[in-house]
Amino acid sequence: MKKILMIGTGGTIASKSTPSGLHPQLTLDEILEYIPAISQLCEVDTYQLCNIDSTNVSPEIWSSLAKTIREHYYSYDGFVICHGTDTMAYTAAALSYLIQNSPRPIIITGAQRPINVEVTDSKTNLYDSFLYAVSDQAVGVQIVFNGKVILGTRARKTYSKSFQAFSSINYPYLAVIQDGHLIQYITRKTPYGLGSEPAFYEKLNPKVGLFKLTPGVDSDVLAFMLEKYDAVVIESFGVGGIPTLPRYRYYEVIKEAIDRGKIIVMTTQVPNEGSDMTVYQVGNELKSKVNILEAYDMITEAVLCKLMWILGQTSDPEEVKRLFYTTISNDILY
Ligand code: ASP
């Protein structure tokens, strides 16, 4: 029987009702008591990292998760992390950079409804996660939720209440699990062959900000963010561009910051298909004149976490650019 380490961080799946709202309180052992069938699939040990609403998750928690997995890596066949859904996609992206090329599965799951209520997705999601974690085809960081297996660099929470909380963005589902049957659509082989070693990292630079462009917004807001952060991701409209009327001063703000060594990435707030700054003058002129990076089909959650990982290692703009455009766990394919 395979051995799986279950790591607890909290979230709805571990929550109980309190007079002030849902709050994580259940331990992993209490959670496991609700799904005795898991003991037929594998041996489970538990490790409670924290018990928090994932609204409180931070880069320090991502580093602690990576450290915990590194320290236990060779004692287990796989890992199942219980996590709140609100920031699960960020954690999945962060772990995809902190633990690369893992031949063992690192599955993240949670639920929209607590495990101790009558109508809940907790039991199915957790059972499916263990079912997938013991499969020989499961490798690397993935989310298992509502019968879907989603690559860690491609997941986004797209429903705030219903059970189908997550979508896979600009990439297909890896597998589905229907009534306890695993149907694997995409098998990830290289570089995950037997005997391959994962690359572990722990250092992240959290000084990465996200600026959402809205019609008429002042470039002073972006300038302020560029003072506070080492890198700023601009979530623009459509395929990507900046307001170009002279009163906006976006071009000047961006050029001055890049000249000072700041990293700026253009992405889109449109959910699907990514950026292409060359299409319109509002993007093309900027792209051709300054050293701005572009997310293409990479999702915002992955862009932010990738920059934190890269800037944890280097601040040299050319090396940042090289690493940013290096495909890691199929995060960028454009
Ligand atoms: N607020 C909760 C959390 O992210 C929501 C959930 O788990 O579904 O921890």
Side-chain angles (χ1 to χ4, degrees), residues 6-35 38 46-66 68-69 79-96 98 106-130 132-133 141-150 152-169 177 204 206 210 271 299-302 304-305 308:
M6 181 184 188
I7 302 173
T9 66
T12 296
I13 195 166
S15 287
K16 278 185 177 171
S17 184
T18 76
S20 52
L22 290 173
H23 184 67
Q25 285 171 38
L26 295 171
T27 65
L28 292 176
D29 293 319
E30 287 170 324
I31 291 173
L32 280 172
E33 278 173 23
Y34 286 89
I35 330 162
I38 288 175
T46 56
Y47 186 99
Q48 194 79 46
L49 185 76
C50 53
N51 216 356
I52 57 173
D53 190 295
S54 79
T55 308
N56 286 313
V57 158
S58 61
E60 293 91 73
I61 300 240
W62 298 334
S63 297
S64 303
L65 271 170
T68 303
I69 292 172
F79 301 84
V80 171
I81 301 170
C82 282
H83 196 289
T85 59
D86 290 343
T87 59
M88 188 186 291
Y90 290 91
T91 296
L95 289 182
S96 302
L98 291 173
I106 297 160
I107 308 301
I108 310 174
T109 197
Q112 293 277 61
R113 304 274 294 132
I115 203 158
N116 65 356
V117 299
E118 202 162 316
V119 179
T120 179
D121 51 342
S122 292
K123 294 176 193 170
T124 313
N125 286 347
L126 205 54
Y127 183 83
D128 287 353
S129 296
F130 280 96
Y132 192 60
V141 179
Q142 295 159 60
I143 286 179
V144 172
F145 209 98
N146 194 44
K148 308 282 191 306
V149 180
I150 303 173
T153 52
R154 295 292 186 169
R156 173 168 301 154
K157 186 169 180 181
T158 48
Y159 289 86
S160 59
K161 296 175 184 169
S162 50
F163 289 174
Q164 50 178 1
F166 289 91
S167 300
S168 183
I169 306 295
I177 301 160
L204 291 168
L210 177 64
I299 65 171
T300 300
E301 292 85 339
L304 290 166
C305 295
M308 287 185 199

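Numbering of ligands and ligand atoms starts at 1, following listing order. All heavy atoms count here, side chains included; hydrogens, waters and symmetry mates do not.
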Residues in contact with ligand 1, criterion: heavy atom under 4.0 Å: Gly11, Thr12, Asp53, Ser54, Gly84, Thr85, Asp86, Ala111, Gln112

Asn51 side chain vs Leu26 backbone, donor-acceptor pair below 3.5 Å: yes

Check: Thr158 side chain, Phe166 main-chain N or O, donor-acceptor pair, under 3.5 Å: no

Donor-acceptor contact present, side-chain Gln112 to main-chain Phe163, <3.5 Å: no

Main-chain N/O of Tyr90 paired with Thr87 side-chain donor or acceptor, under 3.5 Å: no

Side-chain donor or acceptor of Ser15 paired with backbone N/O of Pro114 under 3.5 Å: no

Pairing residues for Thr18 by the side chain to side chain contact (heavy atoms under 4.5 Å, CB included) criterion, not counting sequence neighbours: Ser20, His23, Gln25

